[in-house]
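The structure appears below as structure tokens.
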2 protein chains.
Amino acid sequence: MEIETVPASAPHKGRPREFCVDAALASALRVFWSKGYEGASMADLTEAMGITKPSLYAAFGNKEALFNKALDLYEREKLDYMHAALDAPTARGVAERLMRGALDMYSCPENPNGCLGVISSVACGAEAECIREAVVARSAAAKRAMLDRFARAKKEGDFPPDTDAEGLAAFLTAVNQGMAVQAGAGATRAELERLVETSLKLWPGR
Amino acid sequence: MEIETVPASAPHKGRPREFCVDAALASALRVFWSKGYEGASMADLTEAMGITKPSLYAAFGNKEALFNKALDLYEREKLDYMHAALDAPTARGVAERLMRGALDMYSCPENPNGCLGVISSVACGAEAECIREAVVARSAAAKRAMLDRFARAKKEGDFPPDTDAEGLAAFLTAVNQGMAVQAGAGATRAELERLVETSLKLWPGR
DNA sequence: CGACTTATATACCATCCGTTATGGAAATCG
DNA sequence: CGATTTCCATAACGGATGGTATATAAGTCG
């Protein structure tokens, strides 16, 4: 929970805001998630958020700043399962929690289809290049965390010593990205479930 | 090799065209491949193709028709490894050829990064919805071909009888899509190679 | 050589894009 | 009560978008 725009103690002078910033940001996230950065027009955003353009600019800066805040929210609310997954006791547990967490998210009917990160990291127009870079940087960080976890798992004996932890991290990332693509293309939960079960069956160990 | 616009025997009346349709289409493909359907503006396209807008419209119809023809070309030239892959004698051979073929394509420095199909199938603006549907339909057909091949492999004993061929098809598709996403995000060939080797090591049987 | 057909080049169209200036409305402060 | 500050609503901005009308150039056909 955030305290609007000003630090904290502002006993609001001036006219009070007529909308909830958090709710508006959540609506914006849904639009970006459905249409991507470039596909989401300001008209789409303002309509979904229930505010006018000047209000949006006053509260969030501009479209890019709004997207970044929406991305923060996405990471915070929708990607928290990743942190929990990395805390699993074994590498296999990490993989399982990661895939099942992604599966749950992608097949939740209240969420737009697909993954905001994947949607935003595929190539698009020139104006969105900085957006793309920001998203790629974030997912690189996520992948590094996974890699570190697998390196630890290797030392702990979850994997044979000749295991390519980097390859496994890339593999798990790829399965999740592929799941996102298929979810974005309209795959059913049953199909995604099958993908997860198969991947889990192929995962080394146990 | 196509015969321009008219059936075949046209002893071209009127002013002759000053550019090569096939070369222009190849240039257009590169632009769509780099920037996606919506990210590619008519100005981008005409500049890369070396022709003016009226010439483009006269030769290809409109942006959507141009994209579909570029997609045909992409499938014909860049995705032919898929047909060859499905002809491999074993299911493992199919998987290997599919992944290595994708790897070669994604890491060819002359090609734009990523996969045109994946780029075009992730959500974007409303105007591109029909494009998205067309691409999704094509990749669904590709997946079905792979599924049929694996069903056959199951009957031929490549897999144990309790194998989930559908799950394996979804899995292989997902790895390739994930590879495309990572390639689009700028992964090196070495990274993608590692992903392929790992996936191949996990693939069932020998 | 004309007549005809087709391609090119320039300029333009309506529409939408993200963004912002302007004027009034709603609250607190003195 | 002003005075002040902040927010909302309308409407407009310059620029870019996909798509075209018009006029001219470059060929073949009779």
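FYI, side chains are in, hydrogens and waters are out, and symmetry mates aren't considered; it's all heavy atoms of this structure. Each chain gets a letter, A, B and so on, in the order the sequences are listed, and its residues count up from 1. For clarity, every value in this text was computed on a predicted model and none was experimentally measured.
- In this structure, of C:dG18, C:dT8, D:dT17, it is D:dT17 that holds the atom nearest to the side chain of B:Ser41.
- For the pair B:Lys63 and D:dG18, the criterion of a side-chain N or O lying under 4.0 Å from OP1 or OP2 is met.
- On a pure distance criterion of 3.5 Å, a polar donor-acceptor pair joins the side chain of B:Lys53 and the base of D:dG19.
- The distance between atom CG of B:Asp44 and atom P of D:dA16, rounded to the nearest whole Å, is 12 Å.
- Heavy atoms of B:Glu18 sit under 4.0 angstrom from primed sugar atoms or phosphate atoms, though from no base atom.
- At a threshold of 4.0 angstrom between heavy atoms, the contacts of B:Pro54 include nucleobase atoms, whether or not backbone atoms are also involved.
- Taking the side chain of A:Met42 as heavy atoms from C-beta on, and the options D:dT17, C:dT19, C:dT8, the nearest nucleotide is C:dT19.
- Contacts of A:Ala40 with the nucleic acid, taken as non-hydrogen atoms under 4.0 Å apart, involve only primed sugar atoms and P, OP1 or OP2.
- Annotation: side chain of A:Leu172 is in contact with side chain of A:Trp203 (closest heavy-atom distance under 4.5 Å).
- Put simply, the side chain of B:Met179 does not reach to within 4.5 Å of the side chain of B:Gln182, judged on heavy atoms.
- When only modelled atom types and interatomic distance are considered, B:Asn176 and B:Thr173 share no side-chain donor-acceptor pair under 3.5 Å.
- Between C:dA26, C:dT8, D:dG18, one nucleotide has an atom nearer to the side chain of B:Arg15 than all others, and that is C:dT8.
- The A:Tyr57 side chain lies nearest to C:dT19 when the options are C:dC17, C:dC29, C:dT19.
- With the nearest nucleotide of DNA chain D identified for both B:Pro16 and A:Ile51, A:Ile51 has the one nearer the 5' end.
- Scanning both residues, B:Trp33 and B:Met105, for their nearest heavy atoms gives CZ2-CE, 3.9 Å.
- With rounding to whole Å, B:Lys13 atom NZ is found 13 Å from D:dT28 atom P.
- Among the nucleotides D:dG18, D:dC7, C:dG18, the one closest to any side-chain atom of A:Arg17 is D:dC7.
- Of the candidates D:dT10, C:dT8, C:dT19, the closest approach to any side-chain atom of B:Phe19 belongs to C:dT8.
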